[in-house]
Student: 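Structure below; questions to follow.
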Amino acid sequence: MFRTRFAPSPTGYMHIGNLRTALYAYLLAKKHKGVFILRIEDTDQSRNVPAALAAIYNGLALAGITYDEGPDKDGGKGPYVQSQRLPIYKKYAEELIAKGAAYYCFCQKEDKPEAEDQPAHPDVTRDPCRFLTEAEARARLSGGVIPVVRQRIPEGGSTSFDDHVYGRITIDNSQLDDQVLLKSDGFPTYNFANVVDDHLMEITHVIRGQEYLSSTPKYNLLYQAFGWQIPEYIHLPLILREDGAKLSKRAGDPSFEDLVNMGYLPEAIVNYVALLGWSPGNDREFFTMQDLIEAFDMDRIGKSSAAFSMDKLTWLNGEHIRAMDPAAFHQAARKYYPKDSGLDEEKISRLIQIRVEKLTDIPGMIRFLSELPEYGPELFENQKSKATLASSAEVLRAVIPLLQKLEKWDNESLFAALKDFAAANGYKTGTVMWPIRTSLSGLPASPGGATELADLLGKEETLRRLVIGLQKLES
RNA sequence: GCCCCCAUGGUCUAGAGGUUAGGACACAGCCCUUUCAAGGCUAUAACUCGGGUUCGAGUCCCGAUGGGGGCACCA
C-alpha cells in the first residue's frame, strides 16, 4: 500500500513548487491506488499565518487534489497538525536520549554566533553538551535551564541512501551536525517531526524538494536509532524563474492562487506544473488530472532544475480553454462579461472560446461590443483584403441599403447576401467584408468576422456603426 | 569555506553506445481564411569544455567550467 503525504507549513498561499510537490505525491498515491495524506507542519510558532490553513484547503481543492487523510479527515493516524502532537515528539525525544542517540543541550542561543551573520559557515563542530555525563546533564536539568534536545551524530563513517530521482547519495557523518530535534519551546524542529510523523503515519514514499537531499542522511540515522523502516525517497529538482533565478513570492513571482486570478485555469496550471521535471516519455503534453494519474511514473522525474515559462503556460491554458465543453467555457467566461450588454452572451462565448488564452483577456477582447472605439479612416485600408479608402467607401455606400432591406438577420443570411453582393459587383469577398468588419469593431482585428459581428450586434447597431464608418470615410 | 546535486536549441523536454539528435513553447515565413485566432506546412536554433574507455560516445569513467542546493531552537 502506497501512502504519501503533502506536508506544507501554513504560509498563507501555495507557491508553484509546493503545488508540484503536492501534485506528485497525490499522483503517486493515486497511481498505485494508495492513500494521500495532508499534514500541517506548523512547528514554527513565529511563522504561522492565521488564515493559512484555509489557504491550503482552498488551494488543494482548486487544484483538484483531494486527500484521504488530513486535519479534517481522520484516518486514525492523527492528529494531522504537528502543533497538536507535542507530547508525541517529547516521548520519542526521550526515547532517543535513553538510547544515546540524542542528548540535552544547555547552550543558550546567544552562546553561538548567528549563522546568518557569517559570510561562510565553518566546518561542523561538535556541541560541548554532547560530552556531558548523565549526572552532569541531570544536574543542569534540575538547575532550571531549559534545554534543547540534539541529535547525536555518530563519530566517523558515512551515511547513504537511495533516492528514486538522484540515485545513491552518500554523505560523511563528519558533515552532519548535531541538529536540534526539540526546541526549548517544546516544539520539534522539522528535522525531527518529519521522521516521527512519517513513521507513525506509515508514509511509504517521501516526496519533497531537493533542498532536503543533504539532510536526509540525518533523518536516516534517526530512523535507524529508533529501529524504524526507512521510507522510499523522491527528491524533486527545483523550479526556477525563466531568467534562472529562484522562484519567489518576494520577487513577485505568482503563486498558484495568483495564476488563477490572472486568468489561468487550475487544470492548465496543474498540467503545466506536472511537466516541469517530469515527462511521460512521449510527445504528449495535454493532460487532465485523470490522464496524469494514469501516466505518472516516479522513475521518469528528471534531475535538473526547470524554469517556469509563462509563455508555455499561456499556450497550454489556451489548449485547455479550447478543449472545454462550450457550456463549461461559457460558465467560466461570463464572469468576465459586462453586466448589461444586452447581447447574446452564449454567442459571444462561442465566438471567443477559440481565441482566449487567459480568461482575463476577455474584457479587453469584447469591450468594442458595448463601446465602439475611436478609430481613424486609415483602418479601412488593408492590403490583404484589397481594401482601400475608396473601395471601402463604395462598399459601405452600397451595403448599407442592402442590409437595411435584409429580412433574416443571422450569420448565414448575412454572409450569403454579402458574398453575392461581392460576386455580383466584381469584388473579392474580403474587400467587401473588410470595411464592414472594421466599422463594426473599430479595431484592426476582432473576434469574429464581419457577418458574425453583425449577427451579434443586431441590425440596428450594425447599421448605426456602418453609417459612422462611412462618415469617417467621407469626411 | 566544507559537503551534496545538476548540465541536449532562448525555454520545457525525448534520447538508457551506432539516430539525418525527435517533439513542444516562443520567434519568422507560407497556406487556409470574412479580420484575428485556431489549424496545416516550412525555416532558424542544442548535446558546456578537456581527457579517457570503445571499432564507435549526447549516452560510460575522470577532470575542469558553469549553475543550484545544504551546512538555523526555518521548513
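The chains referred to below are lettered A, B, ... by the order of the sequence lines, with proteins before strands, and numbering in each begins at 1.
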Student: Has A:K428 got a side-chain N or O lying under 4.0 Å from the OP1 or OP2 atom of B:rU33?
Tutor: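 For B:rU33, neither OP1 nor OP2 has a side-chain N or O of A:K428 closer than 4.0 Å.
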Student: Which whole number of Å gives the distance between the C1' atom of B:rC55 and that of B:rG50?
Tutor: 23 Å
Student: Please determine, by modelled atom types, if A:D291 and A:T288 share a side-chain donor-acceptor pair under 3.5 angstrom.
Tutor: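 There is such a pair between these side chains.
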Student: By nearest atom, which of the nucleotides B:rA24, B:rU33, B:rA75 is closest to the A:K384 side chain?
Tutor: B:rU33
Student: What does A:T170 touch in the nucleic acid at a heavy-atom separation under 4.0 angstrom: a base, only the sugar-phosphate, or nothing?
Tutor: sugar-phosphate
Student: Return the pairing partner of B:rU53 with a 3.5 Å limit on both distances, Watson-Crick or G-U wobble; otherwise return none.
Tutor: none
Student: What contact category does A:F308 fall into here, base, sugar-phosphate, or nothing, at under 4.0 angstrom with non-hydrogen atoms?
Tutor: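 Nothing: the residue A:F308, judged by heavy atoms under 4.0 Å, touches no strand.
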Student: Choose from B:rG69, B:rA24, B:rC5 the nucleotide whose nearest atom is closest to any side-chain atom of A:E211.
Tutor: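 So the nucleotide nearest the side chain must be B:rG69.
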Student: Determine which nucleotide pairs with B:rC41, using a 3.5 Å limit on both distances of a Watson-Crick or G-U wobble pair.
Tutor: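 B:rC41 is paired, partner B:rG29.
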Student: What's the closest nucleotide to the A:Q175 side chain, out of B:rC3, B:rC73, B:rU34?
Tutor: B:rC3
Student: Mind checking if A:G244 touches a base, just sugar-phosphate, or nothing, with heavy atoms under 4.0 Å?
Tutor: nothing
Student: Quick check for you: among B:rC73, B:rU11, B:rA75, whose closest atom lies nearest to any side-chain atom of A:V180?
Tutor: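 Within the option list, the nearest is B:rC73.
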Student: If you check every side-chain atom of A:A306, which of B:rU13, B:rU35, B:rC74 has the closest atom?
Tutor: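 The answer is B:rU13, which lies nearest to the side chain.
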Student: Cationic tip of A:R284 within the cone over A:F286's six-membered ring, i.e. under 6.0 Å and within 45° of the normal?
Tutor: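 Judged by the rule (NZ or CZ under 6.0 Å from the ring centre, within 45° of its axis), A:R284 is not positioned above A:F286.
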Student: Is the centre of the A:W278 ring less than 6.0 Å from the centre of the A:F296 ring?
Tutor: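 That pair passes the under 6.0 Å test.
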Student: So, do A:F6 and A:Y67 have ring centers that fall under 6.0 Å from each other?
Tutor: no
Student: With hydrogens left out and only the distance checked, is there a donor-acceptor pair under 3.5 Å joining A:S184's side chain and the base of B:rC73?
Tutor: yes
Student: Could you let me know what B:rU65 is paired to, Watson-Crick or G-U wobble, both distances under 3.5 Å, or none if it's on its own?
Tutor: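 Its partner is B:rA7.
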Student: Suppose you measure atom P in B:rG52 against the same atom in B:rU59; what distance do you get, rounded to whole Å?
Tutor: 15 Å
Student: Verify the ring-centre separation between A:F308 and A:Y272: is it less than 6.0 angstrom?
Tutor: yes
Student: How is A:N411 classified with respect to the nucleic acid when contacts are heavy atoms under 4.0 Å: base, sugar-phosphate, or nothing?
Tutor: base
Student: Using a 4.0 Å heavy-atom cut-off across all strands, classify A:R300 as base, sugar-phosphate, or nothing.
Tutor: sugar-phosphate
Student: Select base, sugar-phosphate, or nothing to describe what A:F415 touches, counting heavy atoms under 4.0 Å on all strands.
Tutor: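 Base contact.
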Student: Among the candidates B:rG69, B:rC6, B:rC36, find the nucleotide nearest to the side-chain atoms of A:K303.
Tutor: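 Looking only at heavy atoms from C-beta outward on A:K303, the closest nucleotide is B:rC6.
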Student: Using both distances under 3.5 Å as the test, list the Watson-Crick or G-U wobble partner of B:rG1, or none.
Tutor: B:rC71
